[in-house]
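Side chains included, hydrogens not; waters and symmetry mates left out as well; all remaining heavy atoms used. Note on naming: letters A, B, ... go to the chains in the order of the sequence lines (proteins, then strands), and numbering restarts at 1 for each one.
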Amino acid sequence: MKCPRCGSPMNHHADKVFQVHDADSSTQKTFGGAVVEIHSCLACGAVATRSSS
Amino acid sequence: MNPRPIYIPVILGTTRKGRMSANVARLLTGEVAKQSGVESDLIDIANLPLPTDDAGEAIKDGIFSEKMERADGIVIVAPEYNHGYCGLLKHVLDSCLKEYVHKAVGIVGVSAGPWGGTRVIQSLLPVMRELGLVNIFWDVNFTSVQNAFAADGTLLEPAYVGRIDKFLKELVWMSKTLRYGREQIALN
């Protein structure tokens with residue numbers, strides 16, 4: 001993943017359940033929320049997320 | 001080495017009028033800034049324009065979010081009110097999530113009595129964990145805070161300086177280590 005702020009590569013260092021309520025979601029049924037990838041930028045320290053597939 | 005300075009803001013976790021914790025937060029902000037290669041900032045939750053008719057990330061404040069994203073570690077100054085933390089502190093903390101993950105946090109308990117906020121620290125620990133923050137094993141406990149500072153905010157009890165230094169050394173080490181992990185060590 002590229003940093004949305006500076007375009008540098010980001011490091012995927014965590015997955016975290018975000019409490020969203022979508023009864024039809026498979027991740028909701030498995031984890032009780034949406035699993036989100038947390039990425040940090042090596043250059044500027046920015047944090048970004050994307051859905052875990 | 002990463003050229004960006006480590007950034008550790010101090011959150012003053014109460015809006016109560018006459019709050020004695022303001023002296024503690026100002027002291028901590030100054031002591032954090034004395035650490036080599038570390039920048040700090042005092043975040044007074046009373047100055048954050050968060051509405052109370054909703055909660056969580058729906059009411060995220062841009063400036064607070066930006067500071068939490070930039071932060072490598074956080075100091076929370078938490079007065080103990082009726083054995084718990086200030087509700088508005090929780091309201092502010094809940095407004096972010098991704099910004100906190102794998103970052104260090106140290107808690108400074110404050111009380112008018114002899115226990116120095118030990119109960120508020122204990123009650124904040126599970127909240128820190130769920131937010132993705134990593135708590136250090138040093139705390140600072142301000143007991144009888146009304147006697148710890150002069151009217152002008154000057155610290156009257158020098159022993160606190162040594163305790164704060166131990167606390168901050170651990171927090172800075174953890175902040176550097178977790179930054180390295182966030183930026184260099186992949187989950188898989």
Honestly, the part of Leu178(B) sitting under 4.5 Å from a heavy atom of chain A is neither

Shortest non-hydrogen separation from His13(A) to Gly181(B) and the atoms involved | CB-O, 4.1 Å

Is there a side-chain contact between Gln184(B) and Leu42(A) (heavy atoms, below 4.5 Å)?
-> yes

Check the surroundings of atom CD1 in Ile63(B): do more than 12 heavy atoms from other residues, nucleotides or ligands lie under 6.0 Å from it?
-> no

Against chain A, label Glu66(B) side chain, backbone, both or neither, depending on which of its atoms sit under 4.5 Å from a heavy atom there.
-> neither

Within 6.0 Å of NZ in Lys176(B), more than 12 heavy atoms from elsewhere | no

Same cluster for Ile43(B) and Val127(B) if Ile/Leu/Val/Met/Phe/Trp/Tyr side chains link at under 4.5 Å?
-> yes

Do Phe64(B) and Ile45(B) belong to the same hydrophobic cluster, where Ile, Leu, Val, Met, Phe, Trp and Tyr are linked whenever their side-chain heavy atoms lie under 4.5 Å apart, directly or via other members?
-> yes

Test side-chain contact (heavy atoms from CB on, under 4.5 Å) on Leu187(B) and Glu37(A) and set out the steps.
-> CA-CA 10 Å; Leu187(B) 184 62; Glu37(A) 294 180 359; over 6 Å; no

Mind checking whether Ile8(B) and Tyr160(B) sit in one hydrophobic cluster, side chains of I, L, V, M, F, W, Y counted as touching below 4.5 Å?
-> yes

Side-chain heavy-atom pair Glu69(B), Val47(A) within 4.5 angstrom cut-off = yes

Residues, nucleotides or ligands: over 12 heavy atoms within 6.0 Å of Asp54(B) CG | yes

Taking every non-hydrogen atom, the tightest pair across Ile185(B) and Asn11(A) = O-ND2, 2.8 Å

Is the shortest heavy-atom distance from the side chain of Leu97(B) to the side chain of Lys16(A) under 4.5 Å?
-> yes

Considering non-hydrogen atoms only, spot the tightest contact between Ala14(A) and His102(B) and give its length.
-> CB-CE1, 3.6 Å

Heavy atoms of other groups near Glu130(B) CD, more than 12 under 6.0 Å = no

